[in-house]
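Read through the structure below, which is laid out as structure tokens, and then see the notes.
Excluded from the calculations below are hydrogen atoms, water molecules and symmetry mates; all remaining heavy atoms, backbone and side chain alike, are included.
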Amino acid sequence: MGRSKTFADVEVVRAAREAFWSKGYESTGIADLETATGLNRSSIYHAFGSKRGLFDEAVESYLDDVVRPRLAPLAAEVVAPNALETYLRGLRDAMVDEPTSLAVNGCLLLNATAALLGHEGGLQQVVTRYCAELRAGVTAGAIARHPDVDAPTIELIATTVTGLVFASMVVVRVDRTAAGRTLDAALSAAERSM
């Protein structure tokens, strides 16, 4: 049985998450993690087993603190008709109008898939689950917004919006305006029944 996480553990993982998010897994050294977390090398290895172990915890923290709270209204038992639009507008604000880590660095998981680490099976499984969660939420939001629309059209809306969300999370690192336009296109696709 694993040990339960303390407040200090959670804060260490969040600090490491920010280091990984800003520099990428490969470019974040143990010295960077020591600086970010306030722990020394041996404490990091003792608590997390390895740099990769700490990264895996940071990824779970990213999903739990950043991704899932935003998706929660789309994963609710009853999804509001405006939930998808609210999600997209909130994401746009976080990426274009606010100085968030998402706006500055893009998506932690998508960035990791572009690096050597992206070929590793464990990370691929996490990203696959993340993609499925987003797709399921977008689909639920599209169904709630367009209850009388046929399944192939809902599928088209979900595919379009999900793809545009992922595109915006990649491009935001270099062009916030383009990310905003991409999310505006996603919002437009979500609002009409194609």
> Is there a side chain to side chain donor-acceptor pair (under 3.5 Å) between Thr153 and Asp150 once you walk through the steps?
Replying inline: CA-CA 6 Å; Thr153 303; Asp150 61 79; 3.0 Å; yes
Pairs under 3.5 angstrom only: tabulate donor-acceptor contacts from the side chains of residues 73-91 to other protein residues two or more places apart or in another chain.
| from | atom 1 | to | atom 2 | distance (Å) |
| --- | --- | --- | --- | --- |
| Glu85 | OE2 | Arg145 | NE | 2.5 |
| Thr86 | OG1 | Asn82 | O | 2.9 |

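- With sequence neighbours excluded, no residue forms a side chain to side chain contact (heavy atoms under 4.5 Å, CB included) with Asp148.
- A donor-acceptor pair is defined here as one N or O able to donate and one able to accept, closer than 3.5 Å; no such pair exists between the side chain of Asp175 and the backbone of Val171.
- Sorted by first then second residue, the salt bridge (charged side-chain N to carboxylate O under 4.0 Å, His left out) pairs that include residues 61-71, not counting sequence neighbours, are Arg14-Asp65, Arg17-Asp65, Asp64-Arg68, Arg68-Glu133.
- Ser188 contributes no side-chain N or O that, together with a main-chain N or O of Asp184, makes up a donor-acceptor pair within less than 3.5 Å.
- In this structure, Val104 shares a hydrophobic cluster with no other residue, the cluster being traced through Ile, Leu, Val, Met, Phe, Trp and Tyr side chains under 4.5 angstrom apart.
- In this structure Glu98 satisfies the side chain to side chain contact (heavy atoms under 4.5 Å, CB included) test together with Asp93, Ala94, Thr100, sequence neighbours excluded.
- Under a 3.5 Å cut-off, the side chain of Ser61 and the backbone N or O of Glu57 do not form any donor-acceptor pair.
- With rounding to the nearest 0.5 angstrom, the SG atom of Cys131 is 3.5 Å from the CZ atom of Phe166.
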Cut-off 3.5 Å, no hydrogens considered: what does the side-chain donor-acceptor table look like for residues 24-31, sequence neighbours left out?
| from | atom 1 | to | atom 2 | distance (Å) |
| --- | --- | --- | --- | --- |
| Glu26 | OE2 | Leu116 | N | 3.4 |
| Glu26 | OE2 | Leu117 | N | 3.2 |
| Thr28 | OG1 | Ala19 | O | 3.4 |
| Thr28 | OG1 | Gly24 | O | 2.5 |

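- Here the CG-CG distance, from Leu33 to Asn40, works out to 12.5 Å after rounding to the nearest 0.5 Å.
- Distance alone, capped at 3.5 Å, is enough to place a donor-acceptor pair between the Thr160 side chain and the Leu156 backbone.
- Residues Val161 and Ala186 come closest through the heavy atom pair CG2-O, 3.5 Å.
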